[in-house]
Protein chains: 2
Amino acid sequence: MDPSAALRERGLRVTEPRLRVFEAVGRYPHADADTVLTEVRRTLPTVSVQAVYDVLHALTDAGLLRRIEPAGHPARYERRVGDNHHHVACRGCGALGDVDCAVGHAPCLVPSSTSGFTIETAEVTYWGLCPACRAAGTT
Amino acid sequence: MDPSAALRERGLRVTEPRLRVFEAVGRYPHADADTVLTEVRRTLPTVSVQAVYDVLHALTDAGLLRRIEPAGHPARYERRVGDNHHHVACRGCGALGDVDCAVGHAPCLVPSSTSGFTIETAEVTYWGLCPACRAAGTT
DNA sequence: CACCGTTCCTGGAATCATTCAAGTAAACGC
DNA sequence: GCGTTTACTTGAATGATTCCAGGAACGGTG
């Protein structure tokens, strides 16, 4: 999908920073704001911190990016949207991996009592160790 | 369970701040650090911010409290530990509710591919609206 | 029950990710 | 091209949490 077209499609103006941010997240899946900033500045050294945060929000609101916030770590962004997949987070280094949900509507995702809340989405985060941290013995 | 005994049991010294913090979390389930601080200061006006954070960490490490970090909100603490229950978070106000897991080991909680990660726990967060926010029309 | 090492608490400052504010600049439709 | 709208820039602020150094309390021991 053409990034420019994707932006226009959602009524977003096509700007250099937006294209670069979108592309950077594509190249670095699960990148945090700082990684995106650094990456974008490689080819567009003048972008401001706020521009990046701004763009990330705009793209997230437009449904082009998905925001992930693992407890205790800065927010990450990914381009894989629209499918029902979840994440594994490493207790050691915070690395993130994708996990496809084997069963779309597992029993556990239809809670028994909801305390009166209207439920819209279920979000699953698995916690464990990535191969690198396991090898390093980070128990 | 006697709080003092619980503390001693885990090799923690019994101090006034610890008892008050523990008790405050019991009275305000899903309280954040600030709420605990305010509440403890009602009866112990001199406690410092750091003492509260310190105690919350110590109790969490000792397994007496569980720390919950809903995306976009300060960390919360609860005394209900050891059982496999999850949470509903309100998109509007951030209120939290408990959700018992209908099926302890649902298929969805045993992911198909794990990107090489060793998985230890699965954490489920439901997002929706609490009764109050629904009534207020916070769409 | 006084002693002492360990553990804890206090006050103040620092950190990190993120956001706010105000002005300037660039994108799109005509 | 021209104006309106939206986006970006610079600079500073915010909020949750943590670091640091010194002083105080706990509680096992003699």
Side-chain angles (χ1 to χ4, degrees), chain A residues 3-22 24-25 30-41 43-62 64-65 67-77 93-94 96, chain B residues 3-22 24-25 30-41 43-62 64-65 67-77 93-94 96:
Chain A
S4 306
L7 287 170
R8 244 185 287 270
E9 217 168 76
R10 330 241 163 181
L12 292 178
R13 290 187 179 174
V14 180
T15 67
E16 214 49 42
R18 289 182 172 177
L19 291 174
R20 308 293 177 111
V21 165
F22 192 53
V25 176
H30 307 141
D32 59 18
D34 199 57
T35 302
V36 173
L37 178 66
T38 305
E39 196 52 29
V40 170
R41 279 192 172 157
T43 60
L44 205 67
T46 59
V47 270
S48 62
V49 176
Q50 290 65 18
V52 168
Y53 276 100
D54 226 358
V55 170
L56 287 172
H57 276 150
L59 297 186
T60 303
D61 289 347
L64 289 172
L65 292 182
R67 182 193 182 101
I68 315 150
E69 296 182 52
H73 295 278
R76 317 294 193 80
Y77 296 86
C93 63
L96 235 54
Chain B
S4 306
L7 286 170
R8 245 184 286 270
E9 216 167 76
R10 331 242 161 180
L12 292 178
R13 291 189 178 170
V14 179
T15 67
E16 214 48 43
R18 289 182 170 179
L19 292 174
R20 307 294 176 111
V21 165
F22 193 55
V25 175
H30 309 138
D32 59 18
D34 198 57
T35 302
V36 173
L37 178 66
T38 305
E39 194 52 29
V40 170
R41 278 191 171 157
T43 59
L44 205 67
T46 59
V47 268
S48 63
V49 175
Q50 291 65 19
V52 168
Y53 276 100
D54 224 357
V55 170
L56 287 172
H57 275 150
L59 297 186
T60 302
D61 289 347
L64 290 173
L65 292 183
R67 182 194 181 99
I68 315 153
E69 297 183 52
H73 295 278
R76 317 293 195 80
Y77 296 86
C93 63
L96 236 54

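Numbers restart at 1 for each chain; the letters A, B, ... are given by sequence-line order, proteins then strands. Computed from a prediction, not measured in an experiment: that's the story for all the values here.
- We find the CG-CG distance between B/Asp61 and B/Leu56 to be 11.0 Å, quoted to the nearest 0.5 Å.
- When the C1' atom of D/dT9 is taken as reference, atom OH of A/Tyr53 falls 16 Å away, rounded to whole Å.
- Closest to the side chain of A/Ala75, out of C/dT18, C/dC8, D/dT17, is C/dT18.
- When rounded to the nearest whole Å, the span between CG of B/Asp54 and P of C/dT7 equals 13 Å.
- Each of B/Ala33 and A/Pro17 has a nearest nucleotide on DNA chain D; the 5'-most of these lies closest to A/Pro17.
- The CZ atom of A/Arg10 sits 19 Å away from the P atom of D/dT6 (whole-angstrom rounding).
- Side chain of B/Val55, nearest nucleotide from C/dA27, C/dC9, D/dC8: C/dC9.
- The distance from atom CG of A/Leu12 to atom C1' of D/dC8 is 15 Å, rounded to the nearest whole Å.
- For the pair A/Arg41 CZ and D/dC8 P, the interatomic distance rounds to 14 Å; values are reported in whole Å.
- Annotation: the span from B/Leu44 atom CG to B/Glu16 atom CD amounts to 6.0 Å, rounded to 0.5 Å.
- Between A/Asp32 atom CG and C/dA17 atom C1' there is a gap of 10 Å when expressed in whole angstrom units.
- Expressed to the nearest 0.5 Å, how far CG of B/Asp54 lies from CZ of B/Arg18 amounts to 7.5 Å.
- Phosphate contact (OP1/OP2 of C/dC8, side-chain N/O of B/Arg18, threshold under 4.0 Å): present.
- Distance check, rounded to the nearest 0.5 Å: CG of A/Leu37 to CD of A/Gln50 gives 9.5 Å.
- Considering only side-chain N and O atoms, A/Arg8 lies under 4.0 angstrom from the phosphate OP1 or OP2 of C/dC28.
- The distance between atom CD of A/Glu16 and atom C1' of C/dA27, rounded to the nearest whole Å, is 12 Å.
- Among C/dC8, D/dT17, C/dC20, the nucleotide with an atom closest to any side-chain atom of B/Val49 is D/dT17.
- Considering only side-chain atoms of A/Pro74, the nucleotide from D/dT17, C/dA17, D/dT5 that sits closest is C/dA17.
- In terms of heavy-atom proximity, A/Arg76 sits nearest to A/Gly94 at NH2-O, 2.6 Å.
- Rounded to whole Å, atom C1' of D/dT17 lies 9 Å from atom CZ of B/Arg67.
- Once rounded to the nearest 0.5 Å, the distance linking NE2 of B/His57 with CZ of B/Arg67 reads 4.0 Å.
- When all heavy atoms are compared, the tightest approach of A/Arg20 to A/Thr43 is NH1-OG1, 2.6 Å.
- If you check C/dT18, C/dA27, D/dT9 against the side chain of A/Ala51, the one that comes closest is D/dT9.
- One can find a donor-acceptor pair under 3.5 Å joining the base of C/dT19 and the side-chain atoms of A/Gln50.
- With D/dT10, C/dC8, D/dT17 as the candidates, the nucleotide lying closest to the side chain of B/Thr15 is C/dC8.
- Computed from C1' positions of five pairs at each end, the angle between the two local axes of the helix from C/dC1-D/dG30 to C/dC30-D/dG1 equals 30°, rounded to 10 degrees.
- Once rounded to the nearest 0.5 Å, the distance linking CG of B/Leu59 with OH of B/Tyr77 reads 10.0 Å.
- Residue contacts shown for B/His57 are limited to sugar-phosphate atoms, with no base heavy atom under 4.0 Å away.
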